[in-house]
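Structure first, commentary second.
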Amino acid sequence: MLTKLNPEQLSAVTSSLGHTLVLAGAGSGKTSVLVSRMAWLVQTQGFAPESILAVTFTNKAAGEMKQRLQSILGQSLNELWVGTFHGLCHRLLRRHHVLAHLNEGFQILDADDQARLIKQVIQSKQLDEQLWPIKAVQSYINNQKEEGMRAKHVMATSYGPEKTYLALYTAYEKSCEKLGVVDFAELMLRCCELLRDNPQLLQHYHSKFRAILVDEFQDTNSIQYTWIRLLSAGHASVMVVGDDDQSIYGWRGAKIENIQQFERDFPETQLIRLEQNYRSTATILEAANALISHNVSRMGKALWTEGQTGNKILLYGSFNELDEARYVVDKITAMISEGQSLDAIACLYRSNAQSRVLEEALIRQGLAYRIYGGVRFFERAEIKDAMAYLRLSLNPLDDLAFERIVNVPTRGIGEKSLEQLREHIASHGGTLWEALQFLLNKPSAFTSRASTALRAFQSLMLNLQKIVNDGDALEMQLAQVIEHSGLLRHFMNMKTEAGFARVENLKEWVSAAKQFRYEATKEEHLSWANAFIAHVALESGDMQVDADTPAVHLMTIHAAKGLEFPVVFMVGVEEGVFPSRGAIGDEKKLEEERRLCYVGMTRAKAQLVMTYAEVRRLYGREESHRPSRFLKELPETLLNVVRGYDTMKKGPSKLIAPVPYKIGQKVTHASFGEGIILAYEGGGAHLTVQVRFQNVGTKWLVVAYANLA
DNA sequence: CCCAAGGTATTTTTT
DNA sequence: ATACCTTGGG
């Protein structure tokens, strides 16, 4: 295992049992180092696997790490503490729910649920949603929690508008308490408090965890850092791995400074740099290095490779986004015909909205593609509806679930009836479900019409309660949920494409339950259905689209972090798009954008293609953009400029010899007939033009041979 | 209570 | 362009 490592990797893997900070550049083999370190601890240092705590950012990364570790150790390990921050905190909170002041079946609120609850809180305070937007309140609350601040801690410093935010935060905390739910940030915060307030418990985990490893350390936030410090305050050996140049989540609270802070807080930290890149060609690496060197706040690191120089970076300047998409698709088609696999190719963009044009172009060309990101499976409205039925059946006190599905599909229960239920709660306390039972027993509480509708809902829920408690297999229960709730019928009746897709999703939901394996230990004795709910909240991204057929990968650059592809197209590299409009004029944000560009470029192994459009239709408006400043930061010698470039601030480019053709110009070819020049590439004897012919389609021609008229 | 028309906002996203 | 959400008429 150790023989495959380079000297730096080896020194990281076998570094002392003190603390280690590994600055691992892109493609420098950091995952191997982490896994090897764990294996080394077990095999040569006598560490029990369950005495190691390893934290990652995504479930996918955690899964990979587990698998690689198990295959090195040659055994399947049942009590491995490898997971995401949130997943591990969840585990601790379940185990110690009493000490954490949570009820046994506490549920997790995802971002969407959280927004709904916040909306209710805003409304209950009679505040104007325009003045106090849900999203603003939500990020206020989450930011506070991520800084470790409860509402009572902020109180002293409150003034002005913050006073209202604080009041909302307080009310929100109360609602969560009442509902027995915990949001994502709360998982971290509550877990920190659990450890901090229970010295014996902390002591227990101090002696349990002898080694702590953290991946993607540059993206940890304050509360996560606090958590690591708490758990490591005993005698654990801590190793954190990160790359300050790849920190791209500052906008959601990640603190790169944690890297510097680490050296201060953890005495005698050994610093190891992994700078040898095993992924990209020298050309790509040199360009990426040149780009990132424009950032001022860096710890400093220079990636190098023993690999080939490789192809130059292609830079294509298009007129508009359609032209850009067309160029990308043509290029892909050419690569495919040269034997490249579709799977080897990725198109990366700054924002999701940019995917549509690419998709359309790919469809037109008949190329398979797979899109990552967007609305994930368990976040789809119909799935969340089905989940809400399940939740309410298991826990009739779940008001959030109640509100969500009481009239979905519509069954004649409107705002008026709900208002009556809420009023009853306001004066008598309790939950919506309890209020419903009570008021239905009171004659004349509702109009006969409302009463009928409510009774129907009541008996539906009673029926579902029986079903989810009857001990059948989970998927059988779920099948009945979508059947009896009327969800299935509702979408079926729509008879539209969208409706049909939703029916498919609901069926998929049932079969997802079949695949679900509940591996938690007995301590956290949750029912299967309850475990399923927690699993879905924490790992909603896990249901990946079928990876069987080869397809071009489409995703945001953020989503591409940690991945690599032989060929990478980076599109929309324009001022206002990338760097995004909001970042322009803000040095800190610009540096993060530059890091994002760096991350995108370093995904490419062999060929990098960057494109920009002079005019782009965005949000329904046509905007003209200059090529991104990032392009100007790349050494010209590494670029193969296909067109444009003269629109860049650098002034008229010396890169391209004057071209005898204009874009849009009509030309005639001896055998292909009449066509229009779409683009050109290269120069001098290699000058090639792309011509769209009226009859034979679009072709690339070498001007020197084509004999165009 | 239901649906359809109109107004508004819109980087990036895991958990 | 569009998706989402609120609002007003049937």
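Small disclaimer: the values here were computed from a predicted structure and weren't measured. Chain identifiers are assigned alphabetically (A, B, ...) following the order of the sequence lines, protein sequences preceding nucleic acid strands; residue numbering begins at 1 within each chain. The analysis underlying the following values was restricted to heavy atoms, covering all of them including side chains, and did not include hydrogens, waters or symmetry mates.
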Do [X] and [Y] have side-chain N/O donor and acceptor atoms under 3.5 Å apart?
X	Y	result
Tyr372(A)	His553(A)	yes
Gln114(A)	Asn142(A)	yes
Thr31(A)	Glu64(A)	no
Gln246(A)	Gln218(A)	no
Asp183(A)	Tyr172(A)	yes

Does [X] have a side-chain nitrogen or oxygen under 4.0 Å from the phosphate oxygens OP1 or OP2 of [N]?
X	N	answer
Asn59(A)	dT15(B)	yes
Tyr249(A)	dT15(B)	no
Asn352(A)	dT10(B)	no
Asn407(A)	dC2(B)	yes
Thr410(A)	dC2(B)	yes

In whole Å, what is the span from the [atom1] atom of [X] to the [atom2] atom of [N]?
X	N	atom1	atom2	value
Leu590(A)	dT11(B)	CG	P	17 Å
Tyr349(A)	dT12(B)	OH	C1'	12 Å
Lys135(A)	dT8(B)	NZ	C1'	12 Å
Leu109(A)	dT15(B)	CG	C1'	12 Å
Phe85(A)	dT15(B)	CZ	C1'	11 Å
Gln123(A)	dT6(C)	CD	P	8 Å

Among [options], which is the nearest nucleotide to the side chain of [X]?
X	options	answer
Lys119(A)	dT13(B), dT15(B), dC5(C)	dC5(C)
Arg356(A)	dT15(B), dT12(B), dT2(C)	dT2(C)
His86(A)	dT15(B), dT12(B), dT11(B)	dT15(B)

DNA chain C stem ranges, 3 or more consecutive Watson-Crick or G-U pairs under 3.5 angstrom:
B:1-10 with C:1-10

Decide if atom CD of Glu504(A) counts as having more than 12 heavy atoms of other residues, nucleotides or ligands within a radius under 6.0 Å.
yes

So, the side chain of Ser318(A) versus the backbone of Asn320(A): is there a donor-acceptor pair under 3.5 Å, distance only?
yes

With heavy atoms under 4.0 Å as the rule, sort [X] into base, sugar-phosphate or nothing.
X	answer
Phe57(A)	sugar-phosphate
Gly582(A)	nothing
Glu415(A)	sugar-phosphate
Asp219(A)	nothing

Worked check of salt bridge (Lys or Arg N to Asp or Glu O under 4.0 Å) between Asp245(A) and Arg298(A)
CA-CA 7 Å; Asp245(A) 290 333; Arg298(A) 293 181 67 209; 2.7 Å; yes

Near-ring test Trp132(A)/Tyr165(A), centroid separation under 6.0 angstrom
yes

Under 6.0 Å between the ring centres of Phe57(A) and Phe85(A)?
yes

Please measure how far the P atom in dC4(C) lies from the corresponding atom in dT13(B), and state the result in whole Å.
16 Å

Quick one: the side chain of Ser351(A) and the base of dT11(B), do they pair up donor-acceptor inside 3.5 Å?
no

Ignoring hydrogens and angles, are the base of dT14(B) and the side chain of Arg252(A) linked by a donor-acceptor pair under 3.5 Å?
yes

Within residues 553-560 of chain A, those residues having any heavy atom closer than 4.0 Å to DNA chain B are Thr556(A), His558(A)

